[in-house]
Enquirer: 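Take a look at this one; I'll ask things after.
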Amino acid sequence: MAVQQKKKIPLYSTEYYLTCGVGGIVACGLTHTGVVSLDIIKCRKQVGIKSSFSSIIKNEGSKALVLGWAPTLFGYSAQGFCKFGFYELFKKKYAGIVGEENAKKYQDLVYVSASASAELIADIALCPFEAVKVRIQCSDPAARTFPTTLREGLPKIYNAEGFAGLYKGLVPLWSRQVPYTIMKFWAFERTVQALYKHVVPKPRDQCSKLEQLGVSFGAGYIAGIFCATVSHPADVVVSKLNTYESKPPISQILKQVGPVGIWSGLGLRIIMVGTLTALQWGIYDAFKVYSGLPTTGAKTEEPKKN
C-alpha cells in the first residue's frame with residue numbers, strides 16, 4: 001500500500017498564512033504560559049509588591065505560582081496567530097507594493113512596516129486577556145479583592161468598567177509591543193542573515209533543517225535581548241496601569257515610578273524575553289518545517305506564473 005504524501009502548501013496562499021498563524025499560536029501561547037511564574041514576580045516587582053518564589057509558596061501556596069495562566073494562554077495564543085500570520089502576509093504585500101528591487105534595497109523598512117502592522121492587530125486580540133492577567137497577578141495577596149480565574153475576572157472588569165475597561169491599556173500595550181515586535185522581527189531577520197554570512201560555514205541552502213532551526217534559535221535569543229530592552233519602560237507602565245480601577249494619566253504613572261523604577265525588573269525580563277523569543281522562533285520555524293514550509297529568512301522562490 002502506497003504511503004500518501006502530505007499535501008504541499010503553496011507559498012503565499014491563504015493556507016500558507018493560516019499555517020503560519022497556527023505556528024504563532026503554538027510558539028507564543030505555550031511559551032508565555034510556560035514562564036507564567038516568572039511573569040508573576042516580574043509584574044509584582046513593577047507595581048511595588050516584593051515577591052519571590054519562596055515567599056509566594058509560603059504565603060499563598062504553590063498554586064499561586066501559576067496565577068493568570070488561562071488569560072496568558074488564550075491571550076498570547078490569539079496574539080501569536082495574528083502576529084506571525086499577519087507579519088508573513090504584510091511582508092509579502094509590502095514587498096509587492098514597492099517592487100522586487102526596492103524590497104531588497106529597503107528590506108529593513110519592509111520588515112519594520114510588516115511587523116508593526118501585524119502587532120497593531122495582534123494587540124487588539126491580546127488586550128482584554130492582558131488586563132485580566134495583570135489584575136490577577138498584581139492584586140495585593142494580603143488583601144485580594146480580584147478573582148484568580150479568567151472566567152470570573154473577565155466579567156468582573158466588564159461589569160464594573162464596561163468594554164472600555166478591557167481596552168484601557170491598549171495604547172500603552174501598543175507602546176510596549178510594537179517596538180518589541182519590530183525589534184523581534186527586524187533583529188531576527190538581520191541576525192539570520194549575519195549568521196549565515198559570517199558564522200555558519202556553508203550556504204544556508206546546503207544546511208539541514210536541524211541546522212537551520214539552530215540558526216533560528218540563536219538569532220531568536222539575540223533578538224530577544226534587544227526586544228526586552230526597548231519595550232521595558234512601556235511594560236512597566238502597562239503593569240501599573242492595569243492595577244488601577246480607573247484610568248490615570250500615563251504622566252502620573254511615569255512620575256510615580258521615576259527614572260529608576262521605569263527599569264525595574266529589566267534583568268529578569270531580559271532572561272525571560274530572551275529565552276521566550278528564542279523558543280518562539282525555534283518552535284515557529286519547527287512548525288513550519290513540519291508543515292513542509294521553509295524556515296523564516298530562508299531563501300524561497302515563488303511558483304512561476306503560467
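In this chain, numbering begins with 1 at the start of the sequence shown. Predicted model, so just to flag it, every value in this text is computed and none were measured.
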Enquirer: Please say which of Lys83, Lys288, Lys93 ends up in a salt bridge (Lys or Arg N to Asp or Glu O under 4.0 Å) with Glu88.
Expert: Lys288

Enquirer: Salt bridge (Lys or Arg N to Asp or Glu O under 4.0 Å) with Lys184: which residues, sequence neighbours excluded?
Expert: none

Enquirer: Going by an N to O cut-off under 4.0 Å, is there a salt bridge joining Glu130 and Arg176?
Expert: yes

Enquirer: Is the shortest distance from a Lys or Arg side-chain nitrogen in Lys156 or Glu152 to a carboxylate oxygen in the other one below 4.0 Å?
Expert: no

Enquirer: Is the closest basic N to carboxylate O distance between Arg190 and Asp108 below 4.0 Å?
Expert: yes

Enquirer: Throw together a table of side-chain donor-acceptor distances under 3.5 angstrom for residues 60-68, partners on residues two or more places apart or in other chains.
Expert:
unit_1	atom_1	unit_2	atom_2	d
Glu60	OE1	Arg44	NH2	3.2
Glu60	OE2	Arg44	NH1	2.8

Enquirer: Any Lys/Arg nitrogen of Lys91 or Glu189 sitting under 4.0 Å from an Asp/Glu carboxylate oxygen of the other?
Expert: yes

Enquirer: Could you check whether Lys197 and Gln193, counting side-chain N and O atoms only, form a donor-acceptor pair closer than 3.5 Å?
Expert: no

Enquirer: Measure up the Trp281 and Phe84 rings against each other and bin them: parallel (under 30°), tilted (30 to 60°), perpendicular (over 60°).
Expert: perpendicular

Enquirer: Would you call the rings of His232 and Trp263 parallel, tilted or perpendicular, where under 30° means parallel and over 60° means perpendicular?
Expert: parallel

Enquirer: For the aromatic rings, using the six-membered ring if either is Trp, is the centroid distance between Phe226 and Tyr180 under 6.0 Å?
Expert: no

Enquirer: Centroid-to-centroid, Phe163 to Tyr158, below 6.0 Å?
Expert: no

